[in-house]
Amino acid sequence: MSSIGTGYDLSVTTFSPDGRVFQIEYAAKAVDNSGTVVGIKCKDGIVLGVEKLITSKMMLPGSNRRIHAVHRHSGMAVAGLAADGRQIVARAKSEATNYESVYGEPIPVKELAERVASYVHLCTLYWWLRPFGSGVILGGYDRDGPQLYMVEPSGVSYRYFGAAIGKGRQAAKTEIEKLKLSEMTCRQGVIEVAKIIYGVHDEAKDKAFELEMSWVCDESNRQHQKVPDDILEEAKAAAKAALEEMDAD
Amino acid sequence: MLLGILGMNSLDCTPATNSLIRSEADSQRTLYPYVTGTSVVGIKYKDGILLAADMGGSYGSTLRYKSVERLKPVGKHSLIGASGEISDFQEIMRYLDDLILSDNMWDDGNSLGPKEVHNYLTRVMYNRRNKFNPLWNSLVLGGVKNGQKYLGTVNMIGVHYEDNHVATGFGNHLALPLLRDEWHENLTFEEGVILLEKCMRVLLYRDRSAVNKLQVLFSLCGIHTSRLLGNCCTV
(Lines give C-alpha, C1' and ligand atoms only; values in the text may rest on other atoms or scores of the structure.)
Protein backbone atom coordinates (compact mmCIF):
# COMPACT_ATOMS: atom_id res chain seq x y z
CA MET A 1 0.00 0.00 0.00
CA SER A 2 2.87 2.35 0.63
CA SER A 3 4.29 3.93 -2.45
CA ILE A 4 6.81 6.72 -2.57
CA GLY A 5 5.70 9.51 -4.83
CA THR A 6 9.12 10.87 -5.51
CA GLY A 7 8.93 14.43 -6.68
CA TYR A 8 5.14 14.63 -6.74
CA ASP A 9 4.71 14.56 -3.02
CA LEU A 10 6.33 17.79 -1.98
CA SER A 11 3.26 19.97 -2.05
CA VAL A 12 -0.43 19.50 -1.55
CA THR A 13 -1.02 21.45 -4.72
CA THR A 14 0.73 18.88 -6.89
CA PHE A 15 -0.97 15.95 -8.59
CA SER A 16 1.00 12.86 -9.44
CA PRO A 17 0.80 11.47 -12.98
CA ASP A 18 -1.69 8.86 -11.82
CA GLY A 19 -3.99 11.46 -10.36
CA ARG A 20 -3.14 11.24 -6.66
CA VAL A 21 -2.30 13.97 -4.22
CA PHE A 22 0.35 12.35 -2.07
CA GLN A 23 0.35 14.89 0.73
CA ILE A 24 -3.24 14.03 1.49
CA GLU A 25 -2.43 10.34 1.51
CA TYR A 26 0.44 10.96 3.90
CA ALA A 27 -1.91 12.90 6.14
CA ALA A 28 -4.21 9.89 6.16
CA LYS A 29 -1.26 7.76 7.31
CA ALA A 30 -1.03 9.91 10.44
CA VAL A 31 -4.60 8.92 11.19
CA ASP A 32 -3.93 5.27 10.45
CA ASN A 33 -1.17 5.14 13.02
CA SER A 34 -3.19 6.48 15.90
CA GLY A 35 -5.31 4.66 18.46
CA THR A 36 -8.56 3.15 17.21
CA VAL A 37 -11.70 5.27 17.23
CA VAL A 38 -15.06 3.57 16.79
CA GLY A 39 -18.55 4.97 16.29
CA ILE A 40 -21.84 3.13 15.93
CA LYS A 41 -25.40 4.21 15.33
CA CYS A 42 -27.87 2.30 17.46
CA LYS A 43 -31.63 2.28 17.40
CA ASP A 44 -31.91 5.17 19.83
CA GLY A 45 -28.63 7.03 19.52
CA ILE A 46 -24.90 7.09 18.81
CA VAL A 47 -22.03 5.60 20.80
CA LEU A 48 -18.44 6.79 20.28
CA GLY A 49 -15.41 5.01 21.70
CA VAL A 50 -11.70 5.77 21.66
CA GLU A 51 -8.70 3.59 22.45
CA LYS A 52 -6.55 6.22 24.13
CA LEU A 53 -2.96 4.92 24.05
CA ILE A 54 -1.15 5.98 27.20
CA THR A 55 2.33 7.17 26.37
CA SER A 56 3.45 7.88 29.92
CA LYS A 57 2.67 6.18 33.23
CA MET A 58 2.54 9.60 34.84
CA MET A 59 -0.49 10.69 32.86
CA LEU A 60 -3.62 11.19 34.92
CA PRO A 61 -6.59 9.11 33.83
CA GLY A 62 -9.27 11.25 32.28
CA SER A 63 -6.85 13.76 30.81
CA ASN A 64 -6.11 14.28 27.11
CA ARG A 65 -9.72 13.84 26.13
CA ARG A 66 -10.21 12.60 22.60
CA ILE A 67 -13.99 12.97 22.51
CA HIS A 68 -15.35 16.49 22.56
CA ALA A 69 -18.85 17.91 22.69
CA VAL A 70 -19.49 20.10 19.71
CA HIS A 71 -22.91 21.29 20.81
CA ARG A 72 -25.58 20.04 23.16
CA HIS A 73 -26.69 17.37 20.72
CA SER A 74 -23.47 16.26 19.06
CA GLY A 75 -19.96 15.13 19.79
CA MET A 76 -16.78 14.37 17.92
CA ALA A 77 -14.15 11.69 18.47
CA VAL A 78 -10.71 12.52 17.08
CA ALA A 79 -7.99 10.27 15.67
CA GLY A 80 -4.54 11.25 14.47
CA LEU A 81 -2.58 14.32 15.49
CA ALA A 82 -4.29 15.54 18.63
CA ALA A 83 -3.54 19.21 18.11
CA ASP A 84 -4.92 19.13 14.57
CA GLY A 85 -7.99 17.41 15.91
CA ARG A 86 -8.48 20.18 18.45
CA GLN A 87 -8.55 22.73 15.65
CA ILE A 88 -11.23 20.79 13.84
CA VAL A 89 -13.30 20.55 17.01
CA ALA A 90 -12.91 24.28 17.69
CA ARG A 91 -14.10 25.04 14.18
CA ALA A 92 -17.05 22.68 14.53
CA LYS A 93 -18.06 24.32 17.82
CA SER A 94 -17.90 27.71 16.23
CA GLU A 95 -19.98 26.60 13.23
CA ALA A 96 -22.57 25.08 15.55
CA THR A 97 -23.00 28.19 17.71
CA ASN A 98 -23.04 30.40 14.65
CA TYR A 99 -25.79 28.35 13.02
CA GLU A 100 -27.85 28.45 16.17
CA SER A 101 -27.52 32.19 16.59
CA VAL A 102 -28.55 32.82 12.98
CA TYR A 103 -31.28 30.20 12.51
CA GLY A 104 -32.50 29.72 16.06
CA GLU A 105 -32.31 25.93 16.05
CA PRO A 106 -29.49 23.48 16.81
CA ILE A 107 -27.42 22.75 13.73
CA PRO A 108 -28.60 19.66 11.84
CA VAL A 109 -25.88 17.00 11.99
CA LYS A 110 -25.76 16.77 8.21
CA GLU A 111 -25.08 20.49 7.95
CA LEU A 112 -22.41 20.32 10.62
CA ALA A 113 -20.68 17.42 8.87
CA GLU A 114 -20.71 19.35 5.61
CA ARG A 115 -19.21 22.43 7.21
CA VAL A 116 -16.48 20.46 8.97
CA ALA A 117 -15.66 18.54 5.80
CA SER A 118 -15.55 21.76 3.85
CA TYR A 119 -13.11 23.26 6.37
CA VAL A 120 -10.86 20.20 6.32
CA HIS A 121 -10.92 20.22 2.52
CA LEU A 122 -10.00 23.90 2.50
CA CYS A 123 -6.65 23.05 3.99
CA THR A 124 -5.86 20.78 1.06
CA LEU A 125 -6.20 23.48 -1.55
CA TYR A 126 -3.37 25.87 -0.75
CA TRP A 127 0.35 25.31 -0.72
CA TRP A 128 0.86 27.42 2.38
CA LEU A 129 -1.50 25.26 4.46
CA ARG A 130 -0.91 21.64 5.30
CA PRO A 131 -3.74 19.12 5.45
CA PHE A 132 -5.08 18.17 8.86
CA GLY A 133 -3.37 15.07 10.18
CA SER A 134 -6.51 13.89 11.89
CA GLY A 135 -9.79 12.23 11.05
CA VAL A 136 -12.96 12.74 12.97
CA ILE A 137 -16.06 10.68 13.74
CA LEU A 138 -19.01 12.98 14.36
CA GLY A 139 -22.18 11.74 16.01
CA GLY A 140 -25.30 13.72 16.74
CA TYR A 141 -29.02 13.51 17.37
CA ASP A 142 -31.32 15.97 15.65
CA ARG A 143 -34.85 16.09 14.28
CA ASP A 144 -34.05 13.35 11.77
CA GLY A 145 -32.86 11.02 14.49
CA PRO A 146 -29.34 9.87 15.39
CA GLN A 147 -26.70 10.24 12.67
CA LEU A 148 -23.04 9.30 12.37
CA TYR A 149 -20.57 10.90 9.98
CA MET A 150 -16.87 10.45 9.38
CA VAL A 151 -14.59 13.17 8.02
CA GLU A 152 -11.20 12.20 6.61
CA PRO A 153 -8.14 14.44 6.14
CA SER A 154 -8.94 14.67 2.44
CA GLY A 155 -12.16 16.46 3.27
CA VAL A 156 -14.59 13.71 2.28
CA SER A 157 -17.40 13.00 4.63
CA TYR A 158 -19.82 10.13 4.49
CA ARG A 159 -22.68 9.07 6.65
CA TYR A 160 -22.30 5.68 8.33
CA PHE A 161 -24.11 3.37 10.68
CA GLY A 162 -20.76 2.09 11.88
CA ALA A 163 -17.30 3.59 11.40
CA ALA A 164 -13.77 3.05 12.63
CA ILE A 165 -10.44 4.81 12.10
CA GLY A 166 -6.96 4.31 13.43
CA LYS A 167 -4.75 1.29 13.92
CA GLY A 168 -7.35 -1.38 14.49
CA ARG A 169 -9.92 -0.14 12.02
CA GLN A 170 -10.00 -3.21 9.79
CA ALA A 171 -10.64 -5.55 12.68
CA ALA A 172 -13.08 -3.09 14.23
CA LYS A 173 -15.07 -2.74 11.02
CA THR A 174 -15.36 -6.52 10.76
CA GLU A 175 -16.69 -6.65 14.30
CA ILE A 176 -19.15 -3.83 13.70
CA GLU A 177 -20.53 -5.53 10.62
CA LYS A 178 -21.38 -8.54 12.75
CA LEU A 179 -23.59 -6.47 15.03
CA LYS A 180 -27.31 -6.00 14.45
CA LEU A 181 -27.28 -2.26 15.05
CA SER A 182 -30.85 -1.51 14.08
CA GLU A 183 -32.10 -3.64 16.97
CA MET A 184 -29.59 -2.50 19.56
CA THR A 185 -30.12 0.18 22.16
CA CYS A 186 -27.28 2.44 23.21
CA ARG A 187 -26.97 0.66 26.54
CA GLN A 188 -26.05 -2.52 24.69
CA GLY A 189 -24.09 -0.50 22.15
CA VAL A 190 -21.80 0.82 24.86
CA ILE A 191 -20.87 -2.73 25.86
CA GLU A 192 -20.31 -3.76 22.25
CA VAL A 193 -18.04 -0.79 21.55
CA ALA A 194 -16.02 -1.58 24.67
CA LYS A 195 -15.66 -5.18 23.53
CA ILE A 196 -14.53 -4.09 20.08
CA ILE A 197 -11.91 -1.69 21.39
CA TYR A 198 -10.54 -4.15 23.92
CA GLY A 199 -10.55 -6.72 21.12
CA VAL A 200 -8.55 -4.70 18.58
CA HIS A 201 -6.03 -3.42 21.10
CA ASP A 202 -2.68 -4.93 20.34
CA GLU A 203 -1.12 -5.93 23.66
CA ALA A 204 2.23 -6.66 22.08
CA LYS A 205 2.83 -3.39 20.32
CA ASP A 206 1.18 -0.88 22.67
CA LYS A 207 1.13 -1.39 26.40
CA ALA A 208 -1.54 0.48 28.21
CA PHE A 209 -4.63 2.21 26.99
CA GLU A 210 -7.57 4.03 28.48
CA LEU A 211 -11.06 3.56 27.11
CA GLU A 212 -13.00 6.77 26.57
CA MET A 213 -16.64 6.60 25.56
CA SER A 214 -19.49 8.97 24.99
CA TRP A 215 -23.03 8.78 23.73
CA VAL A 216 -25.98 10.79 22.47
CA CYS A 217 -29.19 8.89 22.96
CA ASP A 218 -32.72 8.97 24.27
CA GLU A 219 -31.41 7.92 27.66
CA SER A 220 -29.11 10.92 27.85
CA ASN A 221 -31.98 13.14 26.83
CA ARG A 222 -30.49 13.56 23.37
CA GLN A 223 -27.56 15.43 24.89
CA HIS A 224 -23.98 14.48 24.19
CA GLN A 225 -22.23 13.36 27.34
CA LYS A 226 -19.55 11.04 28.63
CA VAL A 227 -20.96 7.59 29.28
CA PRO A 228 -21.81 7.57 33.03
CA ASP A 229 -19.13 5.92 35.17
CA ASP A 230 -21.21 2.98 36.31
CA ILE A 231 -22.23 2.01 32.79
CA LEU A 232 -18.63 2.49 31.64
CA GLU A 233 -17.32 0.17 34.34
CA GLU A 234 -19.95 -2.39 33.42
CA ALA A 235 -18.86 -2.21 29.78
CA LYS A 236 -15.17 -2.54 30.63
CA ALA A 237 -15.87 -5.57 32.80
CA ALA A 238 -17.90 -7.21 30.05
CA ALA A 239 -15.18 -6.47 27.50
CA LYS A 240 -12.43 -7.92 29.68
CA ALA A 241 -14.55 -11.02 30.31
CA ALA A 242 -15.13 -11.45 26.59
CA LEU A 243 -11.38 -11.16 25.98
CA GLU A 244 -10.61 -13.84 28.54
CA GLU A 245 -13.16 -16.10 26.96
CA MET A 246 -11.46 -15.67 23.62
CA ASP A 247 -8.03 -16.32 25.12
CA ALA A 248 -9.33 -19.41 26.87
CA ASP A 249 -10.37 -20.93 23.52
CA MET B 1 -20.95 66.63 22.50
CA LEU B 2 -18.60 64.51 24.57
CA LEU B 3 -20.69 61.41 23.87
CA GLY B 4 -20.58 62.01 20.13
CA ILE B 5 -16.81 62.36 19.98
CA LEU B 6 -16.25 59.21 22.03
CA GLY B 7 -17.56 57.09 19.21
CA MET B 8 -15.44 58.70 16.49
CA ASN B 9 -11.81 58.38 17.37
CA SER B 10 -10.26 58.28 13.95
CA LEU B 11 -12.37 60.83 12.14
CA ASP B 12 -11.78 64.55 12.09
CA CYS B 13 -14.74 66.10 13.83
CA THR B 14 -15.25 69.55 12.48
CA PRO B 15 -18.32 71.31 13.82
CA ALA B 16 -20.04 70.93 10.45
CA THR B 17 -19.66 67.14 10.24
CA ASN B 18 -19.99 66.60 13.99
CA SER B 19 -23.76 66.79 14.13
CA LEU B 20 -24.12 64.42 11.15
CA ILE B 21 -21.70 61.85 12.54
CA ARG B 22 -23.13 62.19 16.02
CA SER B 23 -26.64 61.15 15.04
CA GLU B 24 -25.24 58.02 13.41
CA ALA B 25 -23.29 57.12 16.52
CA ASP B 26 -26.30 57.76 18.72
CA SER B 27 -28.40 55.20 16.90
CA GLN B 28 -25.85 52.62 17.98
CA ARG B 29 -26.38 53.03 21.71
CA THR B 30 -29.22 52.83 24.19
CA LEU B 31 -30.67 56.22 25.00
CA TYR B 32 -33.86 55.25 26.81
CA PRO B 33 -35.79 52.04 27.47
CA TYR B 34 -39.00 51.17 25.60
CA VAL B 35 -40.64 48.04 27.01
CA THR B 36 -39.87 47.77 30.70
CA GLY B 37 -40.46 45.46 33.59
CA THR B 38 -40.93 46.73 37.11
CA SER B 39 -39.60 45.48 40.47
CA VAL B 40 -38.02 42.12 41.23
CA VAL B 41 -37.79 40.96 44.87
CA GLY B 42 -35.52 38.20 46.15
CA ILE B 43 -34.89 36.61 49.56
CA LYS B 44 -32.83 33.82 51.02
CA TYR B 45 -34.78 31.27 53.00
CA LYS B 46 -33.81 28.18 54.95
CA ASP B 47 -33.34 25.83 51.99
CA GLY B 48 -32.42 28.29 49.25
CA ILE B 49 -33.57 31.33 47.34
CA LEU B 50 -36.98 32.77 46.45
CA LEU B 51 -37.50 35.29 43.67
CA ALA B 52 -40.72 37.07 42.79
CA ALA B 53 -41.68 39.44 40.00
CA ASP B 54 -44.84 40.33 38.20
CA MET B 55 -45.39 39.41 34.58
CA GLY B 56 -45.90 42.85 33.17
CA GLY B 57 -44.13 44.62 30.31
CA SER B 58 -45.00 48.31 30.21
CA TYR B 59 -44.72 50.46 27.13
CA GLY B 60 -44.32 53.83 28.79
CA SER B 61 -47.37 54.25 30.93
CA THR B 62 -49.37 51.62 29.03
CA LEU B 63 -49.48 48.18 30.65
CA ARG B 64 -48.91 46.57 27.27
CA TYR B 65 -47.70 42.97 27.82
CA LYS B 66 -49.12 40.92 30.62
CA SER B 67 -47.35 37.57 30.30
CA VAL B 68 -43.71 38.48 30.26
CA GLU B 69 -41.46 36.04 32.12
CA ARG B 70 -38.97 38.23 33.92
CA LEU B 71 -37.57 35.42 36.04
CA LYS B 72 -35.56 32.64 34.40
CA PRO B 73 -33.39 29.75 35.54
CA VAL B 74 -29.72 29.91 34.48
CA GLY B 75 -27.80 26.66 34.27
CA LYS B 76 -28.18 24.13 37.07
CA HIS B 77 -27.81 26.39 40.06
CA SER B 78 -29.01 29.93 39.48
CA LEU B 79 -32.04 32.11 38.93
CA ILE B 80 -32.07 35.53 37.31
CA GLY B 81 -34.70 38.23 37.54
CA ALA B 82 -34.64 41.42 35.52
CA SER B 83 -36.34 44.75 35.62
CA GLY B 84 -35.89 47.43 32.99
CA GLU B 85 -35.67 47.05 29.23
CA ILE B 86 -37.06 43.65 28.23
CA SER B 87 -35.13 43.40 24.96
CA ASP B 88 -31.87 43.96 26.84
CA PHE B 89 -32.89 41.18 29.22
CA GLN B 90 -33.43 38.89 26.23
CA GLU B 91 -29.94 39.76 25.04
CA ILE B 92 -28.53 39.02 28.50
CA MET B 93 -30.26 35.64 28.38
CA ARG B 94 -28.52 34.94 25.05
CA TYR B 95 -25.13 35.76 26.58
CA LEU B 96 -25.92 33.53 29.55
CA ASP B 97 -27.10 30.67 27.32
CA ASP B 98 -23.81 30.80 25.41
CA LEU B 99 -21.90 30.93 28.70
CA ILE B 100 -23.72 27.95 30.16
CA LEU B 101 -23.40 25.98 26.92
CA SER B 102 -19.63 26.43 26.76
CA ASP B 103 -19.44 25.50 30.41
CA ASN B 104 -21.45 22.32 29.84
CA MET B 105 -19.39 21.25 26.86
CA TRP B 106 -16.33 20.70 29.05
CA ASP B 107 -18.32 17.78 30.46
CA ASP B 108 -16.03 17.64 33.49
CA GLY B 109 -18.53 17.57 36.33
CA ASN B 110 -18.12 21.26 37.13
CA SER B 111 -20.68 23.95 36.50
CA LEU B 112 -20.99 27.70 36.95
CA GLY B 113 -22.69 28.68 40.19
CA PRO B 114 -24.62 31.83 41.07
CA LYS B 115 -21.55 33.67 42.37
CA GLU B 116 -19.73 33.11 39.08
CA VAL B 117 -22.72 34.13 36.97
CA HIS B 118 -23.22 37.24 39.08
CA ASN B 119 -19.60 38.21 38.61
CA TYR B 120 -19.83 37.65 34.86
CA LEU B 121 -22.93 39.82 34.63
CA THR B 122 -21.30 42.55 36.67
CA ARG B 123 -18.40 42.65 34.21
CA VAL B 124 -20.78 42.80 31.26
CA MET B 125 -22.94 45.55 32.75
CA TYR B 126 -20.05 47.67 33.91
CA ASN B 127 -18.16 47.44 30.64
CA ARG B 128 -21.24 48.36 28.64
CA ARG B 129 -21.78 51.35 30.92
CA ASN B 130 -18.24 52.49 30.29
CA LYS B 131 -18.91 52.49 26.56
CA PHE B 132 -21.99 54.65 27.15
CA ASN B 133 -24.15 51.86 25.76
CA PRO B 134 -25.68 50.22 28.82
CA LEU B 135 -27.96 47.23 29.05
CA TRP B 136 -30.86 49.04 30.67
CA ASN B 137 -31.59 46.49 33.40
CA SER B 138 -31.43 45.92 37.12
CA LEU B 139 -30.76 42.25 37.69
CA VAL B 140 -31.26 39.96 40.65
CA LEU B 141 -29.13 36.83 40.64
CA GLY B 142 -29.66 34.06 43.16
CA GLY B 143 -28.99 30.38 43.60
CA VAL B 144 -27.59 27.53 45.61
CA LYS B 145 -24.42 25.59 44.88
CA ASN B 146 -22.85 22.96 47.12
CA GLY B 147 -25.19 23.96 49.90
CA GLN B 148 -24.12 27.60 49.77
CA LYS B 149 -26.90 30.11 49.18
CA TYR B 150 -26.13 33.22 47.17
CA LEU B 151 -28.24 36.27 46.40
CA GLY B 152 -26.94 39.36 44.63
CA THR B 153 -27.92 42.22 42.40
CA VAL B 154 -26.30 44.30 39.65
CA ASN B 155 -27.71 47.25 37.78
CA MET B 156 -27.12 49.15 34.57
CA ILE B 157 -24.27 51.24 35.93
CA GLY B 158 -22.50 48.20 37.29
CA VAL B 159 -23.24 48.67 40.99
CA HIS B 160 -23.37 45.21 42.52
CA TYR B 161 -23.71 43.68 45.97
CA GLU B 162 -25.05 40.60 47.70
CA ASP B 163 -27.39 40.41 50.65
CA ASN B 164 -30.03 38.28 52.31
CA HIS B 165 -32.79 40.25 50.61
CA VAL B 166 -32.58 42.36 47.45
CA ALA B 167 -34.99 44.25 45.25
CA THR B 168 -34.95 46.41 42.14
CA GLY B 169 -36.80 49.56 41.23
CA PHE B 170 -39.77 50.35 43.40
CA GLY B 171 -39.06 47.22 45.37
CA ASN B 172 -36.16 49.09 46.97
CA HIS B 173 -38.53 51.63 48.43
CA LEU B 174 -41.58 49.54 49.20
CA ALA B 175 -40.45 45.94 49.65
CA LEU B 176 -37.06 46.24 51.36
CA PRO B 177 -38.40 48.01 54.48
CA LEU B 178 -40.87 45.15 54.91
CA LEU B 179 -38.11 42.62 54.42
CA ARG B 180 -35.76 44.31 56.84
CA ASP B 181 -38.43 44.06 59.53
CA GLU B 182 -39.75 40.59 58.88
CA TRP B 183 -36.90 38.62 57.30
CA HIS B 184 -34.96 36.25 59.52
CA GLU B 185 -32.66 33.28 58.99
CA ASN B 186 -34.43 29.94 58.62
CA LEU B 187 -37.60 31.19 57.04
CA THR B 188 -39.49 28.17 55.84
CA PHE B 189 -40.61 27.97 52.24
CA GLU B 190 -44.22 28.82 53.14
CA GLU B 191 -43.15 31.76 55.31
CA GLY B 192 -40.94 33.01 52.50
CA VAL B 193 -43.72 32.87 49.95
CA ILE B 194 -46.11 34.67 52.30
CA LEU B 195 -43.52 37.36 52.90
CA LEU B 196 -42.90 37.83 49.19
CA GLU B 197 -46.61 37.89 48.51
CA LYS B 198 -46.95 40.68 51.06
CA CYS B 199 -44.26 42.67 49.25
CA MET B 200 -45.84 42.11 45.86
CA ARG B 201 -49.25 43.16 47.19
CA VAL B 202 -47.85 46.46 48.45
CA LEU B 203 -46.15 46.96 45.10
CA LEU B 204 -49.40 46.27 43.30
CA TYR B 205 -51.10 48.92 45.42
CA ARG B 206 -48.50 51.60 44.99
CA ASP B 207 -46.53 50.94 41.77
CA ARG B 208 -48.38 52.13 38.70
CA SER B 209 -46.50 49.77 36.41
CA ALA B 210 -47.33 46.67 38.44
CA VAL B 211 -49.76 44.06 37.10
CA ASN B 212 -51.71 41.47 39.04
CA LYS B 213 -50.03 38.36 37.67
CA LEU B 214 -46.98 37.00 39.49
CA GLN B 215 -44.10 34.71 38.78
CA VAL B 216 -42.27 33.09 41.67
CA LEU B 217 -39.17 30.93 41.32
CA PHE B 218 -37.37 29.01 44.00
CA SER B 219 -33.96 27.39 44.09
CA LEU B 220 -33.31 24.54 46.48
CA CYS B 221 -30.17 23.15 48.01
CA GLY B 222 -29.03 20.23 45.90
CA ILE B 223 -31.95 20.24 43.54
CA HIS B 224 -32.32 21.88 40.15
CA THR B 225 -34.28 25.10 40.07
CA SER B 226 -38.01 24.82 39.67
CA ARG B 227 -40.82 27.25 39.37
CA LEU B 228 -44.38 27.79 40.29
CA LEU B 229 -46.50 30.29 38.52
CA GLY B 230 -49.14 32.09 40.53
CA ASN B 231 -52.10 34.13 39.44
CA CYS B 232 -52.75 36.73 42.07
CA CYS B 233 -55.91 38.75 41.89
CA THR B 234 -56.33 42.14 43.44
CA VAL B 235 -57.29 41.96 47.06
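Each chain gets a letter, A, B and so on, in the order its sequence line appears, and its residues count up from 1. Owing to the predicted nature of the structure, the values given are computational and were not obtained by experimental measurement.
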Can you give the donor-acceptor pairs under 3.5 Å from side chains of residues 48-60 of chain B to other protein atoms, not counting sequence neighbours?
residue, atom, partner, partner atom, Å
B/Asp54, OD1, B/Gly56, N, 3.2
B/Asp54, OD1, B/Arg70, NH2, 2.9
B/Asp54, OD2, B/Val211, N, 3.2

Give every donor-acceptor pair under 3.5 Å between a side-chain atom in residues 37-53 of chain A and any protein atom, sequence neighbours left out.
residue, atom, partner, partner atom, Å
A/Asp44, OD1, A/Cys186, N, 2.8
A/Glu51, OE1, A/Thr36, N, 2.8
A/Glu51, OE1, A/Thr36, OG1, 2.8
A/Glu51, OE2, A/His201, ND1, 2.6
A/Lys52, NZ, A/Ser63, O, 2.9
A/Lys52, NZ, A/Glu212, OE1, 3.0

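By the neighbour-count criterion of 12 heavy atoms within 6.0 Å, atom NZ of A/Lys236 is densely surrounded, having more than that number from other residues, nucleotides or ligands. Remark: B/Tyr120 OH is packed, more than 12 non-hydrogen atoms of other residues, nucleotides or ligands lying under 6.0 Å away. A 6.0 Å sphere centred on CZ of A/Phe161 holds no more than 12 heavy atoms belonging to other residues, nucleotides or ligands. The number of heavy-atom neighbours closer than 6.0 Å to NZ of B/Lys115, taken from other residues, nucleotides and ligands shown, is 12 or below.
For B/Asp107, the parts sitting under 4.5 Å from any heavy atom of chain A are the backbone and the side chain alike. With a 4.5 angstrom heavy-atom cutoff, A/His71 touches chain B via backbone and side-chain atoms both.
Your options are A/His224, A/Gln223, A/Arg65, and the one with the most heavy-atom pairs under 4.5 Å with chain B is A/Arg65.
Note that CD of A/Gln225 is 10.5 Å distant from CG of B/Asn104, once rounded to the nearest 0.5 Å.
The shortest heavy-atom contact between B/Leu101 and A/Arg72 is CD1-CG, 3.4 Å. Residues A/Ser101 and B/Arg94 approach most closely at CB-NH2, 4.0 Å, considering heavy atoms.
Between A/Lys93 and B/Met105, some side-chain heavy-atom pair lies under the 4.5 Å cut-off.
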